[in-house]
Amino acid sequence: MLKIVIIDDEKNALEALEWKLKKYIDDIEIVSCNSPIEGIACIEKTHPELVFLDIQMPEMDGFTLLEQLDYKDFKLIFTTAHDKFALQAIKVSAIDYLLKPIDKDELISAIEKVRKTTQENLEYKLQALLKSIHPKPHKINIAADNKIYLLDQNDVVMLKADKSYTTIFLKDNTQIIVSKTLKEVEKKFDYPQYYRVHHSYLINTNHVKEYRKGLGAELIMTNNLTASISRKKKNELISLLSLD
């Protein structure tokens, strides 16, 4: 028995999809929700195996709904009438979708695919999707010294932990001291060029000038400061920097 939840604020679309599922698909159990708020409660309560989710709804869109969920151990199929940007993001994240009005054969094919594939990591796919839908800003904002610094991504050379403080080193040799741990501050630096090489150092790989081998391996940055490399990170870093 395949447990399905359908979430769509359009009553006609909701009823049409439920009718097609019951007519063409065997061995299913359906719960229909006419609002995203109701849908969240239903998913958390029933723990479905498959969710059909409308993208455009007045209370909150489908992407916002997904961000609100605690339970995400289900397969997901978006349903939408249009929205080219959203569809492109969905394709990139490898999540399935069906265009309204939903075609019978496409619906049957989608259900067959769901039943054949093993449970995939929806959480990972959702992170990729939501990053596409809500891209991170180009500037990194850092609160310190009763100011908010707006930093260009490539102006930051590295960050160094010092107990409950973090020092941010910029390429012009400016230092910004933040009264937060590195673990807290690094959330602002969720960009591909930043890498945690050590529990005390987060570096911008674009600013690595030299790699010093040895038991206590370290990096020399473009501002001539050094960053230690933990043993656990050494091989991964060598691969990341394409070092021989």
Side-chain angles (χ1 to χ4, degrees), residues 2-18 20-21 25 28-103 106-107 109-111 113-115 117-141 153 184 186-194:
L2 183 65
K3 293 170 66 176
I4 299 173
V5 167
I6 308 171
I7 306 171
D8 198 320
D9 68 298
E10 296 177 20
K11 188 177 180 181
N12 291 341
L14 190 70
E15 291 176 348
L17 178 53
E18 184 174 359
K20 287 177 182 177
L21 284 167
I25 309 297
I28 58 174
E29 178 185 317
I30 302 172
V31 179
S32 295
C33 305
N34 197 216
S35 78
I37 301 298
E38 181 188 352
I40 291 172
C42 183
I43 289 172
E44 301 291 6
K45 181 180 179 181
T46 65
H47 289 188
E49 297 162 85
L50 172 63
V51 173
F52 286 93
L53 177 61
D54 185 25
I55 293 177
Q56 297 159 318
M57 295 179 286
E59 289 176 287
M60 69 176 77
D61 63 28
F63 309 119
T64 304
L65 181 150
L66 291 169
E67 290 178 307
Q68 303 297 314
L69 291 174
D70 291 321
Y71 180 80
K72 295 176 183 175
D73 191 19
F74 55 82
K75 293 174 185 176
L76 176 64
I77 298 176
F78 283 109
T79 59
T80 183
H82 53 82
D83 196 332
K84 291 181 180 178
F85 173 67
L87 288 182
Q88 182 59 37
I90 291 166
K91 287 177 183 177
V92 168
S93 62
I95 295 174
D96 287 335
Y97 69 91
L98 292 171
L99 289 173
K100 297 179 184 178
I102 295 172
D103 177 78
E106 290 182 359
L107 176 62
S109 176
I111 295 293
K113 182 179 176 183
V114 164
R115 282 182 160 152
T117 56
T118 56
Q119 183 63 42
E120 297 164 318
N121 190 338
L122 180 64
E123 183 68 41
Y124 178 80
K125 289 185 175 183
L126 289 180
Q127 287 177 6
L129 170 65
L130 296 172
K131 281 183 180 180
S132 298
I133 296 296
H134 307 301
K136 291 178 71 63
H138 293 295
K139 296 276 189 178
I140 300 169
N141 66 84
Q153 292 178 34
E184 293 175 290
E186 74 174 329
K187 295 174 184 177
K188 297 272 190 177
F189 293 81
D190 184 22
Y191 296 92
Q193 67 266 45
Y194 291 102

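If you're wondering where the values come from, they're calculated on a predicted model, not measured in any experiment. Side chains are part of it too, since the values below use all heavy atoms of this structure and drop only hydrogens, waters and symmetry mates.
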ask   = How many angstroms lie between CD1 in I55 and CG in L66, if you round to the nearest 0.5 Å?
value = 10.0 Å

remark   = For E44, the side-chain contact (heavy atoms from CB on, under 4.5 Å) test, sequence neighbours excluded, returns I40, L69, D70, Y71

query = Is the closest side-chain heavy-atom distance between C33 and I6 below 4.5 Å?
reply = no

Pairs under 3.5 angstrom only: tabulate donor-acceptor contacts from the side chains of residues 9-16 to other protein residues two or more places apart or in another chain.
none

task = State the CD-CD1 distance between E29 and I4, to the nearest 0.5 angstrom.
result = 9.5 Å

inquiry  = Checking E59 now: which residues fulfil side-chain contact (heavy atoms from CB on, under 4.5 Å) with it, not counting sequence neighbours?
reply    = S35, P36, I37

message = I'd like to know if the side chain of T64 and the backbone of M60 have a donor-acceptor N/O pair within less than 3.5 Å.
response = no

request  = Answer yes or no: is there an ion pair linking D96 with K75, defined by an N-O contact shorter than 4.0 Å?
outcome  = no

task = Could you grab the distance from atom NZ of K3 to atom NE2 of H47, nearest 0.5 Å is fine?
result = 8.0 Å

query = Hey, would you say the Y194 and F189 ring centroids sit under 6.0 Å apart?
reply = yes

ask   = Who are the side chain to side chain donor-acceptor pair (under 3.5 Å) partners of E38, not counting sequence neighbours?
value = none

query = Do the side chains of I7 and F52 get nearer than 4.5 Å, heavy atoms only?
reply = no

key: Spacing of L2 atom CG and I25 atom CD1 [to the nearest 0.5 Å]   = 9.0 Å

key: Side chains of D8 and N34 in contact at under 4.5 Å (non-hydrogen atoms)   = no

query = Of the options L98, I77, T79, which is the one that meets L107 in a side-chain contact (heavy atoms from CB on, under 4.5 Å)?
reply = L98

task = Return the set of residues passing side chain to side chain donor-acceptor pair (under 3.5 Å) with K20 (not counting sequence neighbours), or none when no residue passes.
result = none

ask   = Taking the side chain as C-beta and beyond, is there a heavy-atom pair between P101 and D103 under 4.5 Å?
value = no

note = By side chain to side chain donor-acceptor pair (under 3.5 Å), E184 pairs with (sequence neighbours left out) T181

